[in-house]
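Residue numbers count from 1 along this sequence.
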Amino acid sequence: MSLIAGSYEKYIWGFKLKPHPTPNGLTLTPLFSYPSHQSPITTVASCGAAAASGGADDTIHLYDLPSASYLGSLHDHSASLTSLSFYSPPHLSSFPRNLISASADGTVCIFDADPFVLLKSLRPHKKQINDLSVHPSGKLALTVARDSCLAMVNLVRGKRSFCGRLDKEASLVKFDASGDKFFMVVEDKVGVHEAEDARLVFELENTKQKRVLCASPGENGLLYTGGEDRSITAWDTNSGKVAYCIEDAHSVRLKGIVVLTRSDGSVSGDDPYLVASASSDGVIRVWDVRMAVKEKPNPLAEANTKSRLTCLAGSSLKSFKRPESGSSSIPKGEQDEEMEGS
């Protein structure tokens, strides 16, 4: 398993999670670290062997994690990158099929991942896109932006199919693992919505009234959030209540949370239920969150980059296998069932 983090100082950090001789021990072994961008790194993503970073220099950089090598860059955006997301179908979980990116000018780009070429560019928002989330089917994505709108992008046709105005600007949007629900973050509140009609099911409210800065869906309806409260909170989105919480997981605010998965894309089962977190003071920690139910756990592994981290992503390094040549990057010939909007 691997982790990749970006920093305000333009550095990209890669780590491999390895077993340690101590009981249930793990260690974060450095893969690489160097100033890959000309401006602060704002977003990172990883899937299997591939990783990507986006920065305020309007550029996406690509990496191969097993060989710790640089693959090249993409220059199709004309504004700062704000969100990156890989899509990989279940049978290609070790290598992505597509890369979806969003930027500060409201643009979304859809790339083929073998090779990395631009398939389509569109502008679903008039202002900066804050976050992007791809549905598990790979057919659509949700975006939230500074224009206080929620948009749905049809990834098959490469066009916006819906745009609705929100009461307040949302900073994060995430689909759950099944794609039946999605989550929207507005300041210190998290809305749980039905994916079919966007109906609000629950509103998860942070009792400390601290802003949520990062979120990652887990298994069995759990959603992990972190931010200015310096804690990792696991929400049961089926009941709307807190399942457990790691208080003061870091000494400063959290900038990234990742639920680590196996090479087949499923959440680790027999292995410890691993969640990684990164804070703005440069510390990355890996937790077995099952221990948090009983008491505050100690991190299984920790690394200090001594830099101002801005983002975190993680994936498995196992079973690296590229898709066969000529495979389609976006499902073709499939009809979108969503109504065409503005």
Side-chain angles (χ1 to χ4, degrees), residues 6 39-45 52-60 74-87 98-111 118-175 179 181-187 189-200 211-215 217 310-311 313 330 336-342:
S39 299
I41 297 175
T42 52
T43 178
V44 289
S53 62
D57 55 4
D58 311 349
T59 305
I60 300 171
L74 303 172
H75 302 270
D76 300 280
H77 282 278
S78 57
S80 300
L81 274 295
T82 57
S83 184
L84 292 171
S85 181
F86 281 111
Y87 167 68
N98 295 100
L99 173 65
I100 320 297
S101 60
S103 61
D105 61 356
T107 299
V108 169
C109 288
I110 306 169
F111 296 92
L118 179 67
L119 297 175
K120 183 73 175 181
S121 177
L122 64 150
R123 193 165 180 241
H125 294 274
K126 296 180 180 180
K127 295 184 179 181
Q128 173 180 310
I129 296 175
N130 294 329
D131 197 20
L132 174 150
S133 182
V134 178
H135 190 272
S137 68
K139 296 180 181 180
L140 60 90
L142 293 178
T143 56
V144 291
R146 287 191 174 176
D147 56 9
S148 298
C149 289
L150 167 71
M152 179 184 293
V153 177
N154 184 329
L155 298 178
V156 179
R157 297 181 180 179
K159 61 191 300 184
R160 189 179 74 178
S161 58
F162 170 80
C163 186
R165 184 163 293 277
L166 305 172
D167 293 334
K168 291 185 178 181
E169 175 188 336
S171 57
L172 298 173
V173 62
K174 306 290 180 186
F175 276 108
K181 296 176 183 176
F182 68 90
F183 315 109
M184 276 198 303
V185 174
V186 178
E187 296 177 349
K189 298 178 177 61
V190 181
V192 181
H193 298 259
E194 292 286 354
E196 185 176 4
D197 55 8
R199 178 176 61 89
L200 180 64
R211 288 183 61 201
V212 175
L213 302 177
C214 50
T310 58
C311 45
I330 289 285
D336 179 56
E337 298 178 355
E338 303 295 334
M339 294 179 62
E340 296 295 321
S342 56

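Of all heavy-atom pairs spanning A195 and F175, the tightest one is CB-CE2, 4.2 Å. Of all heavy-atom pairs between V144 and A170, the closest is CG2-O, 3.6 Å. When every heavy atom of A145 is checked against every heavy atom of N130, the shortest pair comes out as C-ND2, 3.6 Å. Closest approach of V173 to S133, counting heavy atoms only: O-CB, 3.3 Å. Taking each heavy atom of L122 and G158 in turn, the nearest pair found is CD2-O, 4.0 Å. Residues I129 and P124 come closest through the heavy atom pair CD1-CG, 4.3 Å.
Applying the side chain to side chain donor-acceptor pair (under 3.5 Å) rule to T143 yields the partners H125; only residues at least two apart in sequence or on another chain are considered. Qualifying side chain to side chain contact (heavy atoms under 4.5 Å, CB included) partners for S101, counting only residues two or more places apart in sequence or in other chains: I60, H77, L81, L84, C109, F111. The side chain to side chain contact (heavy atoms under 4.5 Å, CB included) search around A104 returns A79, S80, T82, Q128, not counting sequence neighbours. By the ring pair (Phe, Tyr, Trp, His ring centres under 6.0 Å) test, F182 is found to be paired with H193, residues two or more places apart in sequence or in another chain being considered. When the side chain to side chain contact (heavy atoms under 4.5 Å, CB included) test is applied to R123, the partners found at least two apart in sequence or on another chain are T107. Take K181 and apply the salt bridge (Lys or Arg N to Asp or Glu O under 4.0 Å) test, not counting sequence neighbours, and it matches no residue. Applying the salt bridge (Lys or Arg N to Asp or Glu O under 4.0 Å) test to D131 and every residue at least two apart in sequence or in another chain returns K174. For R165, there are no salt bridge (Lys or Arg N to Asp or Glu O under 4.0 Å) partners, not counting sequence neighbours. Applying the salt bridge (Lys or Arg N to Asp or Glu O under 4.0 Å) test to E194 and every residue at least two apart in sequence or in another chain returns R199. Remark: E187 engages no residue in a side chain to side chain donor-acceptor pair (under 3.5 Å) (not counting sequence neighbours). A search for side chain to side chain contact (heavy atoms under 4.5 Å, CB included) contacts involving S85 returns L132, V134, not counting sequence neighbours.
Contact check for L119 versus N98: side-chain heavy atoms found under the 4.5 Å cut-off. Two residues are said to be in side-chain contact when any heavy atoms from C-beta on lie closer than 4.5 Å; I110 and I100 meet this criterion. Residues L142 and M184 are not in side-chain contact: their nearest non-hydrogen atoms beyond the backbone lie 4.5 Å or more apart. Between H75 and D58 there is no side-chain heavy-atom pair separated by less than 4.5 Å.
Remark: K139 NZ to S161 OG distance equals 13.0 Å, nearest 0.5 Å. The distance from atom NZ of K168 to atom NZ of K189, rounded to the nearest 0.5 Å, is 6.0 Å.
S137 places no side-chain N or O within 3.5 Å of a backbone atom of H135 that could act as its donor or acceptor partner.
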